[in-house]
Trainee: 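Structure below; questions to follow.
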Amino acid sequence: MRAIILFLVGLLWATARLLGAEELAGEPSGREIAMKVYMREDGDDQVSKAVFTLINNKGQKRVRETLRYWKDYDGKDGLSSKTFIYFSSPPDVKDTTFLNWSQKDPTADDDQWIYLPALRKVRRIAAGDKENSFMGTDLIFDDLGDREVDEDEHKLIRVEHENGVKFYVVEAIPKKKDYIYSRKLSWVHAQHWTVPRIEFYDRKGQLLKIMQTEWMQVDGIWTWKRTVVENQQNGHRTEIDISDVKINQGLDDSLFTERSLRSGAP
Amino acid sequence: MALFSLRFGGGQEGSPWHPLWVDEHVIFPSVAKGRKRGAQQALLSLRGITLSYPLGWRQWLFSSLSAQLRAPSRCSLSICSYSLCLFLVFMVCASGKLCAAHPTAENEGKEKGLFSALRERVELVGFVKNETALRLRSPRQFSKVQNWLQVEVEGELTRWAKLTAIARVLVDPVNHLETHIHDFNAAPVDRWEVGDTFEGELRELYLELQRGRFDARLGRQQIVWGEAIGLRILDVVNPQDFREFILDDFVDARIPLWGARLNYTLGDWTLEGLVLPDFEANRPADRGSEFQFRHLPTPALPIQPPFPPFPAVQVSPVKEPADGRLSDAKIGTRVTRVLRNMDLSLNYVYAWEDFPIPFRRVLRPNTFLIAPTHERLHLLGGSFNYAFDVFVIRGEGVLTLGRHFVSDNPDDADGIRQREFLAYMLGVDWTVSDNLAVNLQFFQTAIFNKPSDIPDETVNNALSLFLRADFWNETLFPQLLVLYGINFNDFLIRPLVRYDVTDLWSVAVGMDLFVGSRSGFFGQFAACVHPPDRHYTGCNDRVVFEVKRSFSL
């Protein structure tokens with residue numbers, strides 16, 4: 001009886017492999033795939049509108065409207081990029097701004113500031129704050145920044161096909177101990193190097209949330225169109241709709257300063 | 001009995017060693033700006049003395065408005081006109097937004113016209129809020145039932161120019177925070193009152209310009225410096241309203257000033273310059289009100305002559321700097337530098353004492369004159385922060401050159417001594433977990449070369465602890481602020497829970513508890529003392545409730 005069960009299980013596994021996966025031999029390594037994703041052309045700078053819809057497990061919705069400005073520094077001054085986010089709605093958080101200077105050195109913490117109009121004050125926040133929820137969404141600061149490839153150990157787990165499209169499933173395990181995620185599984189489009197699905201696992205190794213992203217091309221550059229993040233543990237959900245994407249606008253460095261934090265979006 | 005034991009031991013507004021920490025008789029006679037009328041001469045009544053003095057430049061500039069903005073009075077034509085204008089602006093903006101939000105065939109054409117232009121260039125946000133406070137101890141009653149409407153209108157004039165106006169009206173049918181006995185320079189500032197229950201205020205009105213590396217903000221505004229939470233150390237530019245002690249949010253308690261702020265940004269450096277040709281003094285709580293500082297003289301208890309040779313005391317009007325005169329302007333500068341993991345600033349202000357200094361002299365035999373005067377000060381300061389891992393170390397300090405302290409030596413010529421005075425804070429933010437942040441701060445002030453006739457503490461110390469958590473995807477926010485005065489072992493404890501019901505609705509409930517010695521800055525409101533002329537000295541523990549509805553049009 002045991003032999004029959006083992007045979008059936010083995011047959012099932014072999015069928016699954018034949019239908020949906022390939023051998024890893026000849027495929028790029030996990031780190032190479034992560035580098036491909038990281039190096040995917042995203043322009044020198046980007047401007048976009050993002051609407052965050054937060055939905056709790058009772059179906060109640062909250063909506064945050066933002067403007068996002070991003071500039072690639074590509075190692076200049078030791079920086080990877082700078083991001084400036086302006087909250088335009090709801091009225092209670094209007095004029096709140098957030099500035100992130102992402103460091104090229106993966107061992108260095110980013111520089112981050114937030115301006116809270118209720119205090120009229122710019123406050124530098126600890127890099128550890130990157131693990132906090134970003135304005136009540138299911139994303140953390142770190143999900144919004146440019147996480148460096150070498151902050152994680154990457155491993156190609158398997159290759160999958162769906163609707164004729166090839167995806168690499170890559171596992172990323174953070175080098176930093178006690179990071180908010182114990183690991184991430186990313187489904188990477190083998191041609192575009194976009195990432196339509198990420199699974200996040202908490203410190204205990206339990207599935208925490210799933211992020212699914214629709215991508216679009218703007219001026220030949222792949223960018224987010226719609227992202228849905230679902231927390232698998234508390235039922236909370238965040239939907240992010242991106243619009244009005246503009247690329248290579250020649251954003252000035254002065255946009256990414258304390259002055260902009262105080263004065264808001266240009 | 002000491003003549004003046006006003007404790008000028010402390011520097012900054014809201015600090016536990018603030019000048020308003022009064023033990024005995026102190027005199028801040030009423031030159032109440034709120035009693036200025038819209039003429040070039042204002043009549044002031046002070047203890048039976050009628051005085052006159054010229055009004056400032058703002059009365060000229062805003063002749064049709066500011067007379068009423070500054071003057072508490074019954075509803076007049078000017079108030080009504082102003083209210084009407086405000087209302088019309090509000091409605092026009094609202095109509096534009098509403099039409100834009102719900103375009104119909106009829107209004108689509110119009111939408112492309114005026115309303116469309118308004119919608120694109122004008123933003124309006126605001127809130128309606130109820131703040132209620134209930135005293136926990138006798139007399140157990142509501143000390144305030146404030147109903148707020150605050151509106152902020154922001155208009156984009158050009159790509160580099162933006163105009164912002166923030167106005168608010170407040171209706172409080174209870175209002176034990178005021179008694180309208182504004183004898184201690186406690187007049188309303190740039191606001192108007194109708195009866196005892198209504199007030200309106202133009203909080204801020206400024207034009208922002210931005211060209212290249214320069215930007216400027218011109219108009220009535222708040223200048224916010226520093227890193228501290230709970231107490232103001234480097235936040236020295238705007239004076240403070242103490243009607244609600246230090247319990248009000250600083251953004252509401254700061255008294256905005258008219259002036260200009262200019263910034264020049266070059267890389268990681270920013271140079272800021274301030275010119276504020278507008279003078280406002282700190283506003284203590286009214287006599288007999290909920291948060292009157294203790295031991296202030298009252299109308300029923302005139303100032304007692306402390307020494308037998310001086311049976312009479314006269315009080316001259318407060319000598320104030322002139323509004324609009326450049327030589328009397330508050331001038332400041334700040335240099336900031338952003339470094340890796342660190343921000344630095346150096347600050348300087350050529351300021352005024354925010355409380356009048358009660359100089360004294362013998363006027364004639366048996367007559368004693370108190371001449372309160374606002375004096376110039378040099379303030380040198382700086383701040384820093386340094387972030388690493390889950391911590392941010394913060395610090396700020398101010399050295400005041402020649403701060404004025406009241407002497408209790410009856411032989412002192414003018415009863416005032418000047419000494420250098422240092423106030424600083426060192427603190428740390430600690431992100432304990434995803435949902436919990438902690439801030440711990442140590443405050444200290446020191447008077448250099450303090451003579452024995454200055455009754456203030458030579459060194460004064462305080463600690464603060466601030467805990468803030470969030471739950472349910474940042475909809476539930478419990479927090480706790482504890483301020484502890486080490487020298488007098490007194491506390492202010494402020495637990496609060498806020499819940500964001502929706503994007504637009506929030507509710508909050510909290511407590512303000514005063515514990516410890518009556519001699520302490522916080523403890524002065526702890527013990528129950530009910531002198532016959534005052535109802536609220538001590539026993540000020542309270543429960544606070546807030547319901548807020550935000551809106552945008």
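So that the names make sense, note that chain A is the first sequence line, chain B the second, and so on, each numbered from 1.
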Trainee: Heavy-atom cut-off 4.5 Å, strictly under: side chain, backbone, both or neither for D92(A) against chain B?
Mentor: both

Trainee: When you measure from the side chain of D109(A) to the backbone N and O of F388(B), does any donor-acceptor pair fall under 3.5 Å?
Mentor: no

Trainee: Can you establish whether the number of heavy atoms outside K175(A) located under 6.0 Å from its atom NZ is more than 12?
Mentor: yes

Trainee: What closest approach, in Å, do R254(B) and L119(A) show between heavy atoms, and which atom pair accounts for it?
Mentor: NH2-O, 4.4 Å

Trainee: With a 4.5 angstrom heavy-atom cut-off, could you sort out which part of S433(B) is near chain A: side chain, backbone, both or neither?
Mentor: backbone

Trainee: Between T265(B) and chain A, which part of the residue has a heavy atom less than 4.5 Å away: side chain, backbone, both or neither?
Mentor: side chain

Trainee: How about NZ on K104(A), more than 12 heavy atoms from neighbouring residues, nucleotides or ligands closer than 6.0 Å, or not?
Mentor: yes

Trainee: Could D215(B) and R262(A) be called an ion pair, given the rule that one side-chain N must be under 4.0 Å from one carboxylate O?
Mentor: no

Trainee: Locate the shortest heavy-atom distance separating A387(B) from I125(A); write the atom from each residue and the value.
Mentor: CB-O, 4.4 Å

Trainee: How about K129(B): does its NZ atom have over 12 heavy atoms from other parts shown lying under 6.0 Å from it?
Mentor: yes

Trainee: Considering only heavy atoms, which portion of D268(B) lies under 4.5 Å from any heavy atom of chain A: side chain, backbone, both, or neither?
Mentor: side chain

Trainee: Do R64(A) and D503(B) sit within salt-bridge range, that is, some charged N less than 4.0 Å from a carboxylate O?
Mentor: yes

Trainee: Does K121(A) pair with D235(B) as a salt bridge, N-O distance under 4.0 Å?
Mentor: no

Trainee: Measuring from atom OG of S263(A) to atom CD of Q210(B), what distance do you get when rounded to the nearest 0.5 angstrom?
Mentor: 4.5 Å

Trainee: Sort E156(B) into side chain, backbone, both or neither according to what part of it lies under 4.5 angstrom from a heavy atom of chain A.
Mentor: neither

Trainee: So with a 6.0 Å cut-off around CH2 of W148(B), is the heavy-atom count from everything else above 12?
Mentor: yes

Trainee: Heavy-atom pairs under 4.5 Å with chain A - which of N341(B), N385(B), N435(B) has more of them than the others?
Mentor: N341(B)

Trainee: Heavy-atom distances under 4.5 Å only: say whether R213(B) touches chain A with side chain, backbone, both or neither.
Mentor: backbone

Trainee: Does the pair E123(B)/K94(A) count as a salt bridge with the N-to-O cut at 4.0 Å?
Mentor: yes

Trainee: Closest approach of A126(A) and V392(B), non-hydrogen atoms and distance?
Mentor: N-CG2, 3.5 Å

Trainee: Do the side chain of R124(A) and the main chain of Y386(B) share a donor and acceptor less than 3.5 angstrom apart?
Mentor: no

Trainee: Hey, could you give me the CG/CE distance between D111(A) and M342(B), rounded to the nearest 0.5 Å?
Mentor: 11.0 Å

Trainee: Can you say whether L266(B) sits under 4.5 Å from chain A via the side chain, the backbone, both, or neither, judging by heavy atoms?
Mentor: neither

Trainee: Measure V63(A) against the heavy atoms of chain B and call it side chain, backbone, both or neither at under 4.5 Å.
Mentor: both

Trainee: Does any backbone or side-chain atom of D95(A) lie under 4.5 Å from a heavy atom of chain B? Answer side chain, backbone, both or neither.
Mentor: side chain

Trainee: In terms of heavy-atom proximity below 4.5 Å to chain B, should S88(A) be classed as side chain, backbone, both, or neither?
Mentor: neither

Trainee: Can you tell which part of I229(B) gets under 4.5 Å to a heavy atom of chain A, answering side chain, backbone, both or neither?
Mentor: side chain

Trainee: Is it the side chain or the backbone of N57(A) that comes within 4.5 Å of chain B heavy atoms, both, or neither?
Mentor: neither

Trainee: To the nearest 0.5 angstrom, please state how far the OG1 atom of T475(B) sits from the NE2 atom of H236(A).
Mentor: 7.5 Å

Trainee: A108(A) and R340(B): which non-hydrogen atoms are nearest, and at how many Å?
Mentor: CB-NH2, 3.2 Å

Trainee: What I want to find out is whether R120(A) reaches E204(B) closely enough, with some N-O distance under 4.0 Å, to be called a salt bridge.
Mentor: yes

Trainee: Does any non-hydrogen side-chain atom of D429(B) lie less than 4.5 Å from one of R123(A)?
Mentor: yes

Trainee: Would one find more than 12 heavy atoms of other residues, nucleotides or ligands at under 6.0 Å from atom CH2 of W472(B)?
Mentor: no

